[in-house]
Structure formats: structure tokens, C-alpha cells
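Reading through the C-alpha cells given below for one structure.
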Amino acid sequence: MNAQKRLAIFERLAKAIPNPTTELEYTTTFELLIAVILSAQATDKGVNIATRKLFKVANTPQAILDLGLEGLESYIKTIGLYHAKAQNVLKCCAQLLALHGGEVPDTREALEALAGVGRKTANVILNTAFGHPTIAVDTHLFRVGNRTKLATGKTVLEVEQRFLSTTPKQYLHDAHHLLILHGRYTCTARNPKCGECCIVDLCEFHDKQLQPVKPPAGN
DNA sequence: ATCCCGAGGG
DNA sequence: CCCTCTGGAT
């Protein structure tokens, strides 16, 4: 795909999505970190319902540790994978206190060393909390990248590297949220709304019988 | 490659 | 019913 077409796609997305930021509710970087950990394979809507109650009671590493495993689970039961997530969140909180004075670190290495934090979550924190031009490739970006051919690849890492190397500089920071919101509301996994899509005419996927784009399992 | 796992949508 | 949702750890 040539650079003009790429730029045109991002310009249209930016026009259609005036506020490209996360829909997770948070008031501190710590809250954002916990919300993003909980958001794995879950809808942000469901995460917000849980964290609204959780953060009201506990929104510091020590306060969450004080809840204990079953206490924390009681707040996040309605989210999928709750047992594994509760364990990870507790360990993550302990790590924050032991290694970072209770603060959220701002480097990829330190973030990925935290329990429950992998490359995708680290990319979200670096972008959303610290303003770094990272692109977190989740199920939405993987699908949208491959469908539009903005960034193709068999693995999320491949797709991330293509996005990073080809996205127009002025859209590097907002690309992640522009693409995720486009994927969530228009370029949906099932029954994509091509009829109301602002980039149909620029998209390879529209009106073609292509294989469904499924995200790879694991890494 | 497999497990974790609830809720909402179609 | 089946699919999907801002994945990560083993």
C-alpha cells in the first residue's frame, strides 16, 4: 500500500473518531494498569462495571493486597479468567511495592516483568499513560490491520512492527486507539459494518470473500 | 499448544 | 447454540 492511501485512511479515521482514547475508566496510572490487566479477553464495559466498585474500595497496591485473593475475586468474578487475573494482580501489586515504591514504571522492561503484563499491556500503558508512540496489537488491531492491509502478518508481533514502520508519523500516537475503536464499532469480527464504514473505498476487505481473520493463539 | 472463563450479541 | 471480548502464563 502506498503512503498516500495510508495517510488518507488515518485522516478519515481521525475525522470519524474525534476522541481516540481508551474507554476504560481510571483516575490514576495505577488504576489504568489494573484495568488493562483485567481487560484481557474481556469487554471494557464489563471491566468498568467491576473496577467502579473495586477502585472505590481499593485503588493502591497495598489496599488491593489487603483484599486478599478471595476478596479481590469477589469484585472481578463477572470478568472472564477471574482467578488467574486475581492472582496476577496481587503479585503485580506486591512487585510494584517491592521494586518501584508503589509506582507504575515507565519502561517496557519493567512493565513486562510485572505479573499479568505482557507486550500488549505494556504497549497500552506506555502509550496511554506515558505518551509513547507504541502500538498495542490486540484482537482488533490484528483483524483491522489484516483486513485493510494497513499491516498484515501471521503474528501480533509482525503486525505491530508493520504498523510501527508504516504509520504516518503524525498518527503514530493515536493509531492504536483509532484502530481499536474502528474495530470495535465498525470493522467488527462478525458482520463488519462495511455499509457505514468511512474507509470502505480504501479497504481490500470490503465486498470480497476472504478467509476470516483469526488472531493467533498465545504468542 | 493449551488453559484460564463470565457476559453479551447474533 | 456459537462467537467474541484491548492476553498472559505455563
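Here is how names work: the chains are called A, B, and so on, in the same order as the sequence lines, proteins then strands, and each is numbered from 1.
- A:Ile9 has its side chain within reach of A:Met1: a pair of non-hydrogen atoms, C-beta onward, lies under 4.5 Å apart.
- The distance from atom CG of A:Asn123 to atom C1' of C:dG8 is 14 Å, rounded to the nearest whole Å.
- Note that OG1 of A:Thr134 and CG of A:Leu164 are 8.0 Å apart. Values are rounded to the nearest 0.5 Å.
- In this structure, A:Gly46 reaches neither bases nor backbone, as no heavy-atom distance under 4.0 Å exists between it and the strands shown.
- Of the possible donor and acceptor atoms, one in the side chain of A:Arg6 sits under 3.5 Å from a partner among the backbone N and O of A:Leu150.
- Within the 4.5 Å cutoff, side-chain heavy atoms of A:Leu65 are placed close to those of A:Gln62.
- Using a 4.0 Å heavy-atom cutoff across all strands shown, A:Ala189 reaches sugar-phosphate atoms only and no base atom.
- For the atom pair NE2 (A:His182) and NZ (A:Lys193), the distance works out to 11.0 Å, reported to the nearest 0.5 Å.
- Distance, A:Lys91 NZ to C:dT10 P: 6 Å, rounded to whole Å.
- Summary of the strand contacts: A:Ala115 and A:His177 both lie near DNA chain C, and taking for each the nucleotide with the nearest heavy atom, the more 5' one is attributed to A:His177.
- Using a 4.5 Å cut-off on side-chain heavy atoms (C-beta onward), A:Leu90 and A:Ile64 make contact.
- The separation between A:Lys85 atom NZ and B:dC3 atom C1' is 14 Å, rounded to whole Å.
- A straight line from CG of A:Asp174 to P of C:dT6 spans 19 Å, rounded to a whole angstrom.
- As a whole-Å value, the separation of A:Gln87 CD from B:dC4 C1' is 10 Å.
- The shortest distance between the side-chain N/O atoms of A:Thr139 and the OP1/OP2 oxygens of C:dC5 is below 4.0 Å.
- Rounded to whole Å, the separation between the P atoms of B:dC4 and C:dT6 comes to 22 Å.
- For the pair A:Glu25 CD and C:dT6 C1', the interatomic distance rounds to 15 Å; values are reported in whole Å.
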Tabulated below should be each protein N or O lying under 3.5 Å from an N or O of nucleotides 7-10 of chain B; please produce it.
unit_1 : atom_1 : unit_2   : atom_2 : d
B:dG9  : N2     : A:Arg190 : NH1    : 3.1
B:dG9  : N2     : A:Arg190 : NH2    : 2.8
B:dG9  : N3     : A:Arg190 : NH2    : 3.4
B:dG10 : O3'    : A:Asn191 : ND2    : 3.3

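- Within 4.0 Å (heavy atoms only), A:Val47 reaches no atom of the nucleic acid at all.
- Each of C:dT6, C:dA9, B:dC5 was ranked by its minimum atom distance to the side chain of A:Asp44; first place goes to C:dT6.
- By the neighbour-count criterion of 12 heavy atoms within 6.0 Å, atom NZ of A:Lys45 is sparsely surrounded, having that number or fewer from other residues, nucleotides or ligands.
- Note on A:Thr121: every side-chain N or O is 4.0 Å or more away from OP1 and OP2 of C:dT6.
- Not one side-chain nitrogen or oxygen of A:Gln41 sits closer than 4.0 Å to the OP1 or OP2 atom of C:dC5.
- A straight line from CG of A:Leu178 to P of C:dT6 spans 16 Å, rounded to a whole angstrom.
- Listed nucleotides: C:dC5, C:dT6, B:dC5. Nearest to the side chain of A:Lys120: C:dT6.
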> Given A:Ile180 and A:Leu141, is the side chain to side chain contact (heavy atoms under 4.5 Å, CB included) satisfied, shown in steps?
Replying inline: CA-CA 6 Å; A:Ile180 195 172; A:Leu141 271 80; 3.9 Å; yes
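- Nucleotide C:dG7 holds its C1' atom 12 Å from the CD1 atom of A:Ile180, rounded to whole Å.
- Atom P of B:dA7 sits at a distance of 23 Å from the matching atom of C:dG8, rounded to the whole Å.
- Heavy atoms of A:Leu114 sit under 4.0 angstrom from primed sugar atoms or phosphate atoms, though from no base atom.
- At the phosphate of C:dC5, OP1 or OP2 sits under 4.0 Å from a side-chain N or O atom of A:His140.
- Taking for each of A:Gly116 and A:Thr21 the nucleotide of DNA chain C with the nearest heavy atom, the 5'-most of the two is the partner of A:Thr21.
- For C:dT6, one of the phosphate oxygens OP1 or OP2 lies less than 4.0 angstrom from a side-chain nitrogen or oxygen of A:Arg184.
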